[in-house]
Amino acid sequence: MLPGHLKLNKQAYLLVFLFAFIISLTFAIYTKHAWEDWYITYRCSKNLSQGSGLVYTPGEKIHAFTSPIGTLLPALLNLITFNSSDELVLWIFRLIGCCLLGLTAVLLLRIAKQSLLYLFSAIFLIGMFCTNAFILDFSINGMEAAFMIIFLAWIIYIMSVPTHHPALNLGLAWTGLMYTRPDGFIYIFGLAIGYLLFSPVIEKAQSRKRLIITYIKAMAIVTILYLPWLLWTWHYYGSPIPHTIIAKGLNHWNNLNVFSFADKALTSRFFLGLKSCYFTFIPLGDFGFLAINYSGPIALACAFYWILPFARKEGRAVSFALMIAHFYLSYIASYIAPWYLPSVIFLSIFVLTQILQQAISLISFTKKIVFSVYIAAFILLSINLSLTLATSYQLRLQQEIIETGSRKQIGLWLKEHAKSNKDTVFLEPLGYIGFFSGLKMLDFPGIASNEVIAARKRLLPEDSMAKIIAEINPDWLVLRPSEALTILNQMPEILNRHYREARVFDCSQRIKSLLFIPGRDYLQYDQTFTIFQKK
């Protein structure tokens, strides 16, 4: 027997908000996880709030952050808390993320009601959303995922639930995405085309012609609200493109091939080449068996659900946007960064719920099969929750051993032993070490350093660490063992003649002593760093 359609009251919305808020806050309190990039961005935020400008290093106008919201809001929080505590700013930012996840859960419930989802489907939707490790972590660890997700949910809500002034609301949601991350236009484009193709149901736009007019009005609002930021960054930094994008894509963009894209799009290689699908539903670390047997099949099914002509129209619209997002992450982006995944996870969960709803509706005449669908959904929820519990333990150890116990201590050690705050440091992990040392960072690939970018441009296509070090001659090196070994193999005179080993920070024995760590290799990658000082 099928469950009835969703019937909701104000108490239901409050309970869903509290459910999402409490789970995310509990995750934050337990893990205390602060992502490496939070401290890259927050150094810019802190400089702004203290009057040094929106820069990573005072006096150097480098656009060393990606998310305007993720940078400007912490600057405001630091200002109103009188620069009293960096930890307080992070926790307020975490609380805002928890609230945004709660509001997103409420929007999903409203969408579920409007879409006539069954109670079981709605529970599945909220359950998968509220217990996903990537969504939880990148909403509380200092990244901008919670903002990205709520604006995506708002767009789907506007397109699904009759609202007043849809063009205005859509324009504000699109603007929010752009201020959250510069690649927000990818999701705007995907959802706009998806709904135009499959679901022109927005209020007062029952035809595609009216929907296009609504889009044009919304785009005008985005232009009015976002163009000033683009013009200001262009004037202030000399380019509207964030330095992070330039640094990470310096070599990558040269290798992009439009003809290769077209060739793959017309063959099965396009389908198999969506690598981001295999990372969508798995934790950080080496989980190859889950990527092949769990994440990949589910994510690919969600990304290509739109192809089915009998599929639910809301699901087809979002599925099309999801395919565009996976194409961007797999073929366009320089690499599949973990903080990009919450957006595609959110869209995947929405589509997966639509698939579940349709499966229940289509096979309702056979009770045994319906029961099997319920069991399959319950298994997915259980796996999702289990992976989140494992990830929370993993990230708690990561924060305690690697971030606080090692990388923060490296930054403090450098601050203490540097001759002055003008000492230069070459390294890859810029966040903790750069923030807590306060020194001039010559990072690879050059997120906060014009010198490294200039050296890489001169050395392309062979912009190796060894050659960059020889070019820029930093005072300090902070290297993982694999990086030091590569430098020794390529240019041994650098470490043998020009630098001496000053200090080793090694957590390997601590990690080895722990019998159980989910995704152990994730911690092992950063377990040892050696500091070299220029002779």
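- A pairwise comparison of heavy atoms in Leu329 and Ile336 identifies O-CG1, 3.5 Å as the closest pair.
- Contact check for Ile349 versus Leu108: no side-chain heavy atoms found under the 4.5 Å cut-off.
- In terms of modelled atom types and a separation under 3.5 Å, the side chain of Asp183 and the main chain of Ile186 share no donor-acceptor contact.
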### Task
Would you please test Asp137 and His33 for side-chain contact (heavy atoms from CB on, under 4.5 Å) and show each step?
CA-CA 8 Å; Asp137 185 41; His33 191 218; 2.8 Å; yes
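- For the pair Leu73/Phe147, a side-chain contact is recorded, criterion being any heavy-atom separation below 4.5 Å from C-beta on.
- Under the 3.5 Å distance criterion, the side-chain polar atoms of Gln357 are matched with a main-chain donor or acceptor of Tyr118.
- The residue from Ile29, Ile140, Asn141 that alone fulfils the side-chain contact (heavy atoms from CB on, under 4.5 Å) condition with Arg94 is Ile140.
- In this structure, Phe378 places its CZ atom where only 12 or fewer heavy-atom neighbours from other residues, nucleotides or ligands lie under 6.0 Å away.
- Atoms CD1 and CD, on Ile401 and Gln527 in that order, are 10.0 Å from each other to the nearest 0.5 Å.
- Remark: of the listed residues Gln398, Gln409, Lys408, Lys32, Gln398 is the sole one forming a side chain to side chain donor-acceptor pair (under 3.5 Å) with Glu403.
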#### Entry: Residues Leu225, Leu172; criterion side-chain contact (heavy atoms from CB on, under 4.5 Å); working and verdict
CA-CA 8 Å; Leu225 296 178; Leu172 293 175; 3.7 Å; yes
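- Under the 4.5 Å side-chain criterion, counting only non-hydrogen atoms from C-beta, Leu397 is in contact with Ile517.
- Asn169 contributes a side-chain N or O that, together with a main-chain N or O of His164, makes up a donor-acceptor pair within less than 3.5 Å.
- The side-chain contact (heavy atoms from CB on, under 4.5 Å) test with Ile149 is passed by exactly one of Thr104, Leu347, Ile345: Thr104.
- Looking at heavy atoms from C-beta onward, Trp174 lies out of side-chain contact with Phe151 at the 4.5 angstrom threshold.
- Going from atom CZ of Arg407 over to atom SG of Cys507 covers 10.0 Å, rounded to the nearest 0.5 Å.
- Ring planes of Tyr226 and Tyr179: perpendicular class, angle over 60° (limits at 30 and 60°).
- Here the closest non-hydrogen pair linking Cys302 and Val351 is O-CG1, 3.5 Å.
- Side-chain contact between Ile155 and Leu177 is present, with at least one heavy-atom pair separated by less than 4.5 Å.
- Looking only at distances, a side-chain donor or acceptor of Thr404 sits under 3.5 Å from a matching main-chain atom of Gln399.
- Under 4.0 Å is where a charged nitrogen must lie from a carboxylate oxygen, and between Glu400 and Arg510 at least one such pair does.
- Ser24 places a side-chain N or O within 3.5 Å of a backbone atom of Phe21 that can act as its donor or acceptor partner.
- To the nearest 0.5 angstrom, Arg43 atom CZ is 12.5 Å from Asp86 atom CG.
- Atoms CG and NZ, on Leu197 and Lys313 in that order, are 14.0 Å from each other to the nearest 0.5 Å.
- Taking each heavy atom of Pro242 and Phe65 in turn, the nearest pair found is CB-O, 3.5 Å.
- Using a distance-only test at 3.5 Å, with no hydrogens or angles considered, a donor-acceptor pair links the side chain of Arg520 to the main chain of Leu514.
- A side-chain donor from one of Asn78 and Tyr42 sits under 3.5 Å from a side-chain acceptor of the other.
- Under a 3.5 Å cut-off, the side chain of Arg312 and the backbone N or O of Ser115 do form a donor-acceptor pair.
- Summarising the geometry of Asp526 relative to Phe529, their closest heavy-atom pair is O-CE1, 3.3 Å, with the distance given to 0.1 Å.
- Separating the CD1 atom in Ile292 from the CD1 atom in Ile282 is a distance of 9.0 Å, to the nearest 0.5 Å.
- Counting heavy-atom neighbours within 6.0 Å of Phe124 CZ, excluding the residue itself, gives a total above 12.
- Judged purely by atom type and a 3.5 angstrom limit, Tyr195 has no side-chain atom pairing as donor or acceptor with the backbone of Met159.
- With rounding to the nearest 0.5 Å, the separation of CD1 in Ile126 from CZ in Phe129 is 7.5 Å.
- In terms of modelled atom types and a separation under 3.5 Å, the side chain of Thr71 and the main chain of Ser45 share no donor-acceptor contact.
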### Message
Before you tell me yes or no, could you show the steps for Ile402 and Ile511 under side-chain contact (heavy atoms from CB on, under 4.5 Å), namely the whole-Å CA-CA distance, both residues' side-chain angles and the distance that decides it to 0.1 Å?
### Response
CA-CA 10 Å; Ile402 303 297; Ile511 294 172; 4.0 Å; yes
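- Aromatic pair Phe436/Tyr39: ring centres closer than 6.0 Å.
- Closest approach of Ser343 and Tyr187 over heavy atoms only: CB-OH, 3.6 Å.
- Contact of the Tyr522 side chain with the Leu395 side chain is registered, since non-hydrogen atoms from C-beta on lie closer than 4.5 Å.
- With hydrogens and angles disregarded, no donor-acceptor distance shorter than 3.5 Å links the side chain of Gln114 to the backbone of Val161.
- In this structure, Leu290 and Leu387 have side chains that are in contact, with non-hydrogen atoms separated by less than 4.5 Å.
- In this structure, Trp306 and Phe198 have tilted ring planes: the angle between them lies in the 30° to 60° band.
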### Task
Would you please test Ser276 and Val344 for side-chain contact (heavy atoms from CB on, under 4.5 Å) and show each step?
CA-CA 9 Å; Ser276 55; Val344 294; 5.8 Å; no
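- With 3.5 Å as the limit, one finds no donor-acceptor pair spanning the side chains of Ser348 and Thr280.
- Side-chain contact check for Pro74 versus Trp38: some heavy-atom pair is nearer than 4.5 Å.
- Looking at every heavy atom in both residues, Pro68 comes nearest to Thr180 through CD-O, 4.2 Å.
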